[in-house]
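This structure is a prediction, so every number in the text was calculated from the model and none was measured.
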Amino acid sequence: MSLCIKNLTISDRSHTPLFNTVSFCIEPGQILTLMGPSGCGKSTLLSVVAGHLSPEFHFNGEITLNNKDLTDLPPEKRQVGILFQDDLLFPHLSVWENLALALPARFKGINRKQKALETLAQIELLHLADHAPSQISGGQRARISLMRMLLAEPAAILLDEPFSKLDKSLRMSFRSWVFSQIIERKIPTLMVTHDEDDIPDNNPCLTWPWSQDINHA
């Protein structure tokens with residue numbers, strides 16, 4: 001299952017393009033990194049893929065996932081998971097309830113809680129099941145946020161500088177863990193960052209300014 005972008009351009013209301021036309025294809029388990037400074041359009045590009053582009057912008061180009069055109073699909077139909085800088089856990093729900101919320105509809109009733117608890121056990125955080133997000137550490141929230149996204153069974157993943165707010169020691173270990181989860185599940189992943197340390201080994205990286213026609217198929 002590949003995530004492919006072909007001849008993508010994004011323009012603002014004045015029709016000024018944010019960057020040159022880009023094309024690339026990300027294979028299962030591959031992590032493509034887009035490097036660039038703040039304000040260059042990295043997160044806006046992710047918004048196009050996810051289906052959340054602000055009305056202030058307009059795009060042209062083709063976005064496909066496993067040869068399925070995503071362009072006109074609503075966000076909830078795209079099977080694209082996103083991990084942001086902030087964990088975005090719901091503060092009024094317990095840890096296990098946050099996880100259960102992401103599960104597909106085929107999990108019913110008690111099965112939702114059971115799956116959430118099994119997931120917490122896998123990452124050795126079962127003892128936090130009934131805690132509120134405010135009662136656990138930043139590193140624990142980061143891991144739970146990733147697992148919540150994975151429980152939704154995304155066919156592709158977008159990483160929007162997800163490591164930038166973690167301290168240095170935690171950042172290294174969490175980054176390695178995130179990459180291992182992606183590779184193990186063979187999910188094509190697009191990551192944007194301005195930190196070279198975030199680039200995973202043996203994976204492609206496009207540095208700013210991105211080239212006119214880039215393909216990593």
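Closest approach of R143 and I123 over heavy atoms only: NH1-O, 3.3 Å. The heavy-atom pair separating L170 from G139 by the smallest distance is CD2-CA, 3.4 Å. Annotation for C205 and L32: closest pair N-CD1, 4.2 Å, computed over non-hydrogen atoms. The shortest non-hydrogen separation linking A155 to P188 is O-CD, 3.3 Å. Here the shortest heavy-atom pairing between C25 and E27 reads SG-OE2, 3.9 Å. Closest heavy-atom contact between K42 and G36: NZ-O, 2.9 Å.
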**Request:** Dump the intermediate steps for side-chain hydrogen bond (donor to acceptor under 3.5 Å, both in side chains) on E97 and S94, then the final yes or no.
**Result:** CA-CA 5 Å; E97 288 171 331; S94 68; 3.2 Å; yes
**Item:** side-chain hydrogen bond (donor to acceptor under 3.5 Å, both in side chains) evaluation trace for T64 with D69
**Value:** CA-CA 4 Å; T64 59; D69 188 359; over 6 Å; no
**Request:** Go through I5 and V49 one step at a time and tell me if the side chain to side chain contact (heavy atoms under 4.5 Å, CB included) criterion holds.
**Result:** CA-CA 9 Å; I5 287 178; V49 178; 3.6 Å; yes
**Message:** V192 vs L46, test: side chain to side chain contact (heavy atoms under 4.5 Å, CB included). Steps then yes/no.
**Reply:** CA-CA 8 Å; V192 300; L46 294 190; 3.6 Å; yes
**Message:** Would L146 and W177 count as a side chain to side chain contact (heavy atoms under 4.5 Å, CB included) here? Give the steps.
**Reply:** CA-CA 10 Å; L146 175 73; W177 184 67; 3.3 Å; yes
**Check against side chain to side chain contact (heavy atoms under 4.5 Å, CB included), L53 and T44** = CA-CA 7 Å; L53 186 65; T44 307; 3.5 Å; yes
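The closest donor-acceptor contact from the side chain of Q135 to the backbone of A132 lies under 3.5 Å. Side-chain atoms of N66 never come within 3.5 Å of backbone atoms of S2 as a donor-acceptor pair (strictly under, hydrogens ignored). A donor-acceptor pair under 3.5 Å links the side-chain atoms of S145 to the main chain of D87, judged by distance alone. At least one donor-acceptor pair under 3.5 Å links the side chain of R78 to the backbone N or O of T71. Judged by distance alone, the side chain of N203 and the main-chain N or O of D201 form a donor-acceptor pair under 3.5 Å. Listed for the T189 side chain is a donor-acceptor partner under 3.5 Å among the backbone atoms of I187. Put simply, the side chain of W210 gets close to the backbone of M35: a donor and an acceptor are under 3.5 Å apart. Within the 3.5 Å criterion, the main-chain N or O of F107 finds no donor-acceptor partner in the side chain of K115. The backbone N or O of A105 sits less than 3.5 Å from a side-chain atom of K108, completing a donor-acceptor pair. In terms of modelled atom types and a separation under 3.5 Å, the side chain of R141 and the main chain of I136 share a donor-acceptor contact.
To the nearest 0.5 Å, atom CG of residue N60 and atom OG1 of residue T9 are 4.5 Å apart. With rounding to the nearest 0.5 Å, the separation of CD in Q114 from OG1 in T119 is 10.5 Å. Note that the NZ atom of K6 and the CZ atom of F24 stand 14.0 Å from one another [nearest 0.5 Å]. Taking CG from D130 and CH2 from W96, the interatomic distance works out to 8.0 Å, rounded to the nearest 0.5 Å.
Residues Q30 and K186 are not in side-chain contact: their nearest non-hydrogen atoms beyond the backbone lie 4.5 Å or more apart. Within the 4.5 Å cutoff, the side chain of L120 has no heavy atoms near those of the L128 side chain. Between Q85 and P162, the closest side-chain pair of non-hydrogen atoms is not below 4.5 Å. For the pair I182 and L159, the minimum side-chain heavy-atom distance is below 4.5 Å. Between P37 and W208 the shortest side-chain heavy-atom distance falls below 4.5 Å. Considering only heavy atoms from C-beta on, L45 comes within 4.5 Å of I10 through its side chain. By the 4.5 Å heavy-atom criterion applied to side chains, R148 and L88 are counted as neighbours. For the pair L99 and M147, the minimum side-chain heavy-atom distance is below 4.5 Å.
Side-chain atoms of Q140 and S137 form a donor-acceptor pair, as typed in the model, at a separation below 3.5 Å. Checked by atom type, the side-chain pair T193/E161 shows no donor-acceptor distance below 3.5 Å.
Summarising the local packing, CD of E196 is surrounded by 12 or fewer heavy atoms from other residues, nucleotides or ligands at distances under 6.0 Å. In this structure, D167 places its CG atom where more than 12 heavy-atom neighbours from other residues, nucleotides or ligands lie under 6.0 Å away. Other residues, nucleotides and ligands contribute over 12 non-hydrogen atoms within 6.0 Å of the NE2 atom of H127.
Taken together through direct or relayed side-chain contacts under 4.5 Å among Ile, Leu, Val, Met, Phe, Trp and Tyr, L103 and V80 form parts of separate hydrophobic clusters. Placement of F163 and I82 in two distinct hydrophobic clusters is found when ILVMFWY residues are connected by side-chain heavy-atom separations under 4.5 Å, directly or transitively. L166 is connected to V178 through a chain of hydrophobic side-chain contacts under 4.5 Å among Ile, Leu, Val, Met, Phe, Trp and Tyr, so both are in one cluster. Criterion: ILVMFWY side-chain heavy atoms under 4.5 Å apart, direct or through other members. Under it, L3 and L34 are part of a common hydrophobic cluster. M191 and V22 are not part of a single hydrophobic cluster, where members link through side-chain heavy atoms under 4.5 Å apart.
Ring geometry, H92 versus F90: the interplanar angle exceeds 60°, so the pair is classed perpendicular (tilted spans 30 to 60°).
Ion pairing of D197 with R171 is absent here, as no side-chain N (NZ or NE/NH1/NH2) approaches a carboxylate O to less than 4.0 Å. The pair E118-K113 does not meet the salt-bridge criterion, since no charged nitrogen lies less than 4.0 angstrom from a carboxylate oxygen.
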